Amino acid sequence: MKRILADRTSQIDASGIRKVFALAASLKDPINFSIGQPDFDVPEELKDEAIKAIKAGQNKYSQTSGDGMLRERLAEQVKNEFGWQNPAILVTSGVSGALLLAFMALVNPGDEVIIPDPYFVIYKHIINMLGGKCVFVDSYPDFKLPVEKISEAITGKTKLIILNSPCNPTGVVYSEDRIKALAKVAAEKDIIVMTDEIYERFCYDSNCPSIANYYRKSLLLRGFGKAYAMTGWRLGYMAADKSLKNVIEEMTKIQQYTFVCAPTPFQKAAIAALKFDVSDFINAYRKKRDLIYEGLADKFELIKPGGAFYAFVKAPAGGTATEFVEKAIANNVLIIPGNVFSEKDTHFRISYTTSDDKLQQGIDILRRLA
Ligand code: PMP
C-alpha cells in the first residue's frame with residue numbers, strides 16, 4: 001500500500017495535555033487543573049484596542065517581522081532591560097511560532113540541543129521532527145538549573161542550550177547565581193542559549209533573573225498570551241543582540257514562507273498591552289500559589305513554585321504518576337502526568353489557574369487520594 005504520511009509524523013505523539021483537555025469535555029463540571037492558561041479574561045481596555053484596530057481597517061498583513069511601532073517599543077524595552085543596542089526583533093504567532101522558526105533556523109539533523117528535564121513539551125517534538133537530538137539533563141528533585149550537568153553534557157555537536165524560567169511544568173525560578181554560572185559555561189564553549197521567558201511576569205517572590213543580562217549570545221523568547229490572558233490571539237516575539245541578528249533574519253525569512261506574519265489587529269493591541277499593569281492578576285495568582293502549596297505540601301513531595309502558574313508534585317509512592325493521574329481523573333480532578341514533560345513518570349502537573357473554590361475542592365480530593 002502506498003504510504004500517505006511522511007516519516008516525520010511517526011516522531012511525534014498527540015500532546016498529552018490536549019488528551020486530558022479533550023477528556024475534560026466529557027466530564028461534568030470537572031476540577032480542571034490541566035490547561036496552561038490564565039482563568040481571567042483579556043482586560044477590557046485591550047479588547048477595545050483590538051476592536052478599534054479591526055474597525056480602523058488594520059486587517060491586512062503586517063510586515064513579516066511585525067508591526068513597526070510594536071517592534072520599536074519592544075526594542076526599546078529590550079534595550080532598557082539588557083543594554084542591547086539596536087536589538088533584532090521578530091514578532092511571531094505565539095511563542096510556539098518563534099520556537100518553530102528558531103529551531104528551523106538553527107538545528108541541523110544530528111545537532112544536539114541541551115534541555116533541562118522536566119521541560120516544556122514543544123521543544124522535544126519540534127527538535128525530533130527536524131532530526132535534531134534532544135539531550136535531556138535531569139533537574140530532579142529540586143529542579144534548580146543543573147549547571148554542572150549541562151556543562152558535562154556539552155559535546156562538539158551541541159548547538160543550543162534551552163532555559164525556561166519560570167519553568168513550565170515545575171514553576172521553579174532559576175537563581176541569579178546559577179544563571180550567571182551557566183552564562184560562564186556557555187561563553188567558554190561559545191554556545192547559544194535560548195531563554196523561554198513566557199512566564200516572566202508571573203514571578204512571586206523576588207525578581208526573575210534572565211540570562212540575557214549576563215550573556216550576549218542569548219535568544220530571548222517572550223509572549224503576550226499568558227500575561228494578558230490572550231493565548232488565542234497568538235502573539236509572541238524573539239529578541240536578540242545585534243551579534244545574533246543573522247538568526248533573526250533567517251527566522252524572518254522562514255516566517256515569510258510559513259506564518260507570513262502575526263495577526264495584525266492583535267499586534268496593534270499588543271502595543272497598548274506593553275503599558276498595561278498586570279500586578280493585580282499576579283497578586284491574585286501569588287495567593288493561589290500559596291493556597292496550592294500550603295494545601296498539599298504536608299501530604300505530597302512538592303517544591304514551592306516561585307513563578308508561572310504550575311506546581312509539579314510527586315505522585316505517592318507505590319505507583320507511577322500516570323496511574324495516580326488516572327485515579328485523580330476518575331475522581332473528577334484533571335491533572336497532567338509528568339511524563340508529558342519529562343523522561344520520568346514520577347510527578348504530576350497542576351495548573352492552578354482556577355477559582356479559589358475549585359482549588360480548595362481539588363486540594364481536598366488530591367489529599368484524600370494521597
Ligand atoms: N513556552 C512555554 C514554556 C509555554 O508554557 C508555552 C505555552 N504553554 C509556550 C512556550 C507557547 O506559548 P504560545 O501560546 O505563545 O505559543
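Throughout, residue positions are numbered sequentially from 1 according to the sequence presented. This is a predicted model, so every value here is computed, not measured. Remember, it's 1-based here, ligands and their atoms both numbered in the order they're listed.
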Does any N/O atom on Asn164 come nearer than 3.5 Å to any N/O atom on ligand 1?
no
Examine the proximity of ligand 1 to Thr231 and report which part, side chain or backbone, both or neither, has a heavy atom under 4.0 Å away.
neither
Just list the side-chain donor-acceptor pairs under 3.5 Å for residues 142-149, sequence neighbours left out, or say none.
from	atom 1	to	atom 2	distance (Å)
Asp142	OD1	Lys144	N	3.0
Lys149	NZ	Asp138	O	3.1

Quick one: are Phe136 and Lys124 in side-chain contact, heavy atoms under 4.5 Å?
yes
May I ask you to check whether Asp196 has an N/O atom sitting below 3.5 Å from an N/O atom of ligand 1?
yes
Ring-ring centroid check His347 Phe341, cutoff 6.0 Å
no
Just need the protein heavy atom nearest to atom 14 (O) of ligand 1, so name the residue and atom and give the distance.
Arg234 NH1, 2.9 Å
Using ring centroids (six-membered ring only for Trp), state whether Phe309 and Tyr352 fall under 6.0 Å.
no
If you measure every N or O of Gly36 against every N or O of ligand 1, does any of those distances drop under 3.5 Å?
no
Mark the output for Tyr199 as yes if a heavy-atom distance to ligand 1 is under 4.0 Å, and as no if none is.
yes
Atom 15 (O) of ligand 1 [closest protein heavy-atom partner, distance rounded to 0.1 Å]
Val95 N, 2.8 Å
So, 4.0 Å and heavy atoms of Gly94: is ligand 1 close enough to count as a contact?
yes
Nearest non-hydrogen partners of Asp345 and Gly338, listed with the distance
OD1-N, 4.4 Å
How close does the nearest protein non-hydrogen atom get to atom 11 (C) of ligand 1, and which residue and atom is it?
Ser96 OG, 3.3 Å
What about Tyr310 and Tyr199, are their ring centers closer than 6.0 Å?
yes
What residue and heavy atom of the protein are closest to atom 10 (C) of ligand 1, and at what distance?
Phe120 CE2, 3.3 Å
Without placing hydrogens or testing angles, list every side-chain donor-acceptor pair under 3.5 Å for residues 231-249, not counting sequence neighbours.
from	atom 1	to	atom 2	distance (Å)
Thr231	OG1	Gln37	OE1	2.6
Arg234	NH1	Thr231	O	2.9
Asp241	OD1	Arg216	NH1	3.2
Asp241	OD2	Ser243	N	3.2
Asp241	OD2	Ser243	OG	2.7

Check whether the side chains of Asn128 and Tyr123 place a donor and an acceptor atom closer than 3.5 Å, and report yes or no.
no
Indicate yes or no: does an N/O atom of Lys226 lie under 3.5 Å from an N/O atom of ligand 1?
yes
Of all the non-hydrogen atoms in the protein, which one sits nearest to atom 12 (O) of ligand 1, and at what distance?
Ile198 CD1, 3.2 Å
